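Please read the structure below before turning to the comments.
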Amino acid sequence: MNYNNEKIKKRPRSYFPENIDICKWENVEVELKKLEVEETNSAEGLIKFLEKFTELSNILNEEQAWRYINMTRFADKPEYEKKFNEFYAGVISKVKPYKFKFNKKFYDSPFRKELDEKKYGHLNRIISNDIELFREENIPLKVKEQELANKYGSIFSKLTVNYKGDEKTLSQLSIYLKDKDRKVREEVWYLRLEKMMEKREEFNQLFDEMKELRIRQAKNAGFANYRDFMHQQKGRFSYTPSDLEHFHCAVEKEVLPFLEELTEERKQKLEIDSVRPWDTSVDLDGKTLKPFEKTEDFIGKGIDILHTIKPEFGKRLQMMKNTEFLDLENRKGKAPGGYNYPLVETGAPFIFMNAVGLQRDVVTLLHEAGHAMHTFSMKDIRIEAYRSTPSEVAELASMAMEFISMDLWDKYYDDKNDLLKAKKEQLKGSLEFLPWCMIIDAFQQWIYTKPDHTPEERENSFVGLMKRFSTGVDWKGLEKFKKIMWLFQLHIFEVPFYYIEYGISQLGALAVYRNYKKFGKEKALEKYEDFLKAGYTIPVNELYEKVGIKFDFSIEYVKELVDFVKEELGNLE
Ligand SMILES: [Zn+2]
C-alpha cells in the first residue's frame with residue numbers, strides 16, 4: 001500500500017483568509033456583520049451566500065470539534081473543559097442568532113422561488129421548516145428545558161452503590177450483568193434498581209416539569225401536542241407518527257415470536273426455570289470473545305477489513321491513523337463512550353473510543369468507520385444543511401458498515417467457532433434491540449398525546465408496553481421495578497423522541513446486507529457509496545431508495561427481514 005505515510009491535509013479556503021483568528025469573537029462578529037448586509041441579487045447569489053456562511057461555519061465547527069475532542073481525551077484535566085466552555089459560550093452560542101438571521105434572509109429572498117427545484121427543493125424545505133417553526137418565546141423555555149435535562153444527567157451520573165468495597169456508578173455496575181455467576185447478576189440487578197427506586201419521585205417530578213415546558217413550546221408553535229411538534233421539528237418529512245405505530249405493530253407481530261424462541265433457548269442453555277431480567281446479557285457458552293490484545297493490531301486489522309471491502313475505504317482509515325485522528329484504547333482519564341466527530345473544514349473525522357479488547361469494540365470501530373466514510377464522502381457538499389444528515393440517515397451509514405464488514409471479521413478470529421459466535425450475536429442483536437426501541441417510542445407517544453396524566457398512570461402505561469413487547473422474560477414479583485425501567489433511558493429526558501431512528505436504521509442496515517448477499521458486493525457497494533455522497537441533499541425516503549432499499553415499516557417488510565435473519569443464522573449453523 002503506497003499510502004502508508006500519507007496524511008490528511010486541510011483544504012484551502014475560498015472566502016476567508018487562512019490566518020483569521022476565530023477564537024476572538026470580535027473577528028467572527030466582523031465577518032458575520034459583513035454577511036448580514038451582503039446583498040444577494042440572484043438565485044445563484046443566494047446559494048453562494050449560503051456557501052460562504054457554510055465555510056465560516058466550518059472553520060468555527062472545526063475549532064469546536066478539537067476542543068470537544070481534547071476535553072473527552074483528557075477528561076481528568078479541567079483546563080480542557082474550560083477551553084471548550086469558553087469557546088462555546090464566547091463564540092459558538094453567539095453565532096446561533098446569526099445563523100437564524102441568514103436562514104431568514106434565504107427564506108425571505110424573492111430569488112428563493114427561482115432556485116432549481118430539483119437541486120434545491122429539499123434545501124428550501126429544510127430551511128423553511130426551521131423558520132416556520134421558530135418562536136421567539138420558545139427560546140427561554142428551551143434554555144430552561146436544557147437546564148433540567150442536564151440535571152437528569154448530573155443526578156444519574158452521581159448515583160453510586162457500594163459493591164464489594166468499591167464505589168461504583170450504575171453504568172459501571174452493569175458489566176456484572178454479564179457475570180457467569182447467577183447470584184452475582186441478581187445481586188447487582190437489585191442494587192441498581194433499588195438505587196433507582198430511591199430517585200423515583202425526584203425523577204418523576206423532574207420529568208413533569210420538563211413535560212410542561214415541552215407542551216408549552218408545542219402550543220406556542222400552534223401544534224395540538226408535543227409529539228406532532230417534535231415530528232415536524234425533527235424534519236421527519238418522509239413519515240408520520242402513525243407510520244411509526246405501524247412499525248410498533250410490525251415488531252410486535254413479526255419480531256417477538258422469534259425473540260421468544262431465543263429466550264426459550266437461553267433458558268435451556270443456562271439450565272434455569274425461567275429467564276429473569278438479570279439473565280438476559282450473560283454469554284450462553286460462558287466464553288468471552290477476545291478479538292485482539294494490542295491497539296496496533298486492532299487498528300491494523302480494521303484498516304485491512306476496510307481495504308478488502310474497498311481500497312479507498314482502507315486508505316481513508318490508514319490516513320486517519322497517520323494523521324493521529326484516532327484515539328481508540330481505553331485509558332485512565334478518558335471520557336466514556338465512542339464517537340466519530342467530523343472535522344468539517346478538513347473533510348475528515350476523528351474517531352474516539354474506549355476499546356478494551358472485546359467483540360463489542362470491533363463492532364464499534366466498524367460502526368464509527370461507517371460514519372467516517374460518510375464524513376469523507378460528503379466533504380464536497382458546500383451547504384451546511386445538505387451535510388447535516390438526520391439520524392435515520394447517519395446511523396444507516398454506520399450500521400450498514402457493521403454488516404457489510406461481517407464476512408471479514410475472520411481477520412480478528414483464528415478460531416472459526418469464535419467467528420461464528422460473533423456473527424450470530426450481530427444478527428440476533430439487530431432484532432433483540434427492536435422491542436425496547438418500540439417501547440421507548442410508543443411510551444413517549446403516549447406521554448405527549450395524553451399530557452394530563454398522573455405519574456402513576458404514566459408508570460402503568462409503561463408497564464403495559466413492557467407486557468406488550470415482552471419476549472418471555474419472567475418479571476414475577478418484580479412489578480414495582482418494572483415501573484421504573486424507563487428512568488434509565490436518558491433520551492426520554494435529554495433528547496425527546498430521538499430513539500426510533502436507531503430502529504429505522506437497523507431495518508435499513510439489514511436490508512442493505514440482504515442486497516449485499518443477493519446482488520453481490522460490487523452492486524451493493526456502488527449504491528452504498530452513492531448514498532454516502534448524497535449527504536442530505538434529498539429526503540430520507542429517497543436516500544433509502546438510493547442505497548437500494550425500501551423506506552418501509554410495514555408488517556410484510558419487517559417479516560421479510562426477520563426471515564432473512566433467520567435464514568442467515570441457519571446458514572451459520
Ligand atoms: Zn452511530
Side-chain angles (χ1 to χ4, degrees), residues 61 65 68-69 72-73 171 234-236 298-299 302 305-306 309 313 316-317 320 325-328 330 334-344 348-356 358-379 387-406 409 422 425-427 429-434 436-437 440-441 489-492 494-513 528-529 531-536 540 543-544 547 549 551:
N61 271 332
Y68 181 84
I69 292 162
T72 52
R73 291 184 73 193
S171 315
K234 288 179 134 292
R236 293 175 171 176
F298 178 43
I299 303 174
I305 286 176
L306 287 192
I309 296 171
F313 288 178
R316 289 168 175 174
L317 194 61
M320 286 172 70
F325 283 1
L326 300 174
D327 184 357
L328 306 184
N330 177 265
K334 266 173 94 166
Y339 59 76
N340 170 84
Y341 206 128
L343 303 160
V344 280
F350 188 99
I351 295 181
F352 172 96
M353 273 181 65
N354 275 288
V356 290
L358 300 173
Q359 166 59 18
R360 194 188 59 208
D361 300 325
V362 170
V363 178
T364 304
L365 177 63
L366 293 161
H367 178 101
E368 301 307 341
H371 284 309
M373 297 309 119
H374 213 174
T375 307
F376 278 102
S377 300
M378 288 192 290
K379 71 174 191 229
R387 220 180 33 214
S388 309
T389 50
S391 307
E392 300 91 323
V393 175
E395 294 307 319
L396 177 59
S398 55
M399 289 181 170
M401 183 64 93
E402 295 175 26
F403 285 99
I404 289 172
S405 65
M406 201 159 74
W409 291 357
E425 274 178 12
Q426 175 72 12
L427 285 163
S430 68
L431 298 182
E432 280 165 347
F433 166 69
L434 291 174
W436 181 251
C437 183
I440 296 306
D441 189 63
Q489 196 65 50
L490 74 92
H491 298 70
I492 297 174
E494 296 184 357
V495 272
F497 286 105
Y498 169 47
Y499 206 63
I500 194 69
E501 291 93 331
Y502 286 100
I504 295 173
S505 307
Q506 189 66 266
L507 282 192
L510 283 171
V512 169
Y513 185 53
Y528 178 65
E529 280 204 280
F531 157 80
L532 294 181
K533 272 187 212 134
Y536 191 40
V540 172
L543 281 164
Y544 273 58
V547 75
I549 62 175
F551 189 74

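Quick note: residue numbers are just sequence positions, from 1. These numbers come from a predicted model, not from an experiment. Just so you know, ligand 1 is whichever comes first in the structure, and atom 1 is the first atom listed for that ligand.
- The residue from Met378, His371, Glu395 that alone fulfils the side-chain contact (heavy atoms from CB on, under 4.5 Å) condition with Thr389 is Met378.
- Residues passing the ring-ring contact (aromatic ring centres under 6.0 Å, His included) test with Tyr513 are Phe403, Phe564, sequence neighbours excluded.
- Side-chain contact of Trp409 with Gln359: a donor-acceptor pair under 3.5 Å is absent, judged by distance alone.
- Note: Ile351 CD1 to Asp327 CG = 11.0 Å, rounded to the nearest 0.5 Å.
- Side-chain polar atoms of Tyr341 and Thr72 form no donor-acceptor pair below 3.5 angstrom.
- Between Tyr68 and Tyr339, the distance separating the two ring centers is shorter than 6.0 angstrom.
- Here the protein contributes His367 NE2, His371 NE2, Glu395 OE1, Glu395 OE2 as N, O or S atoms under 2.8 Å from the Zn ion (ligand 1).
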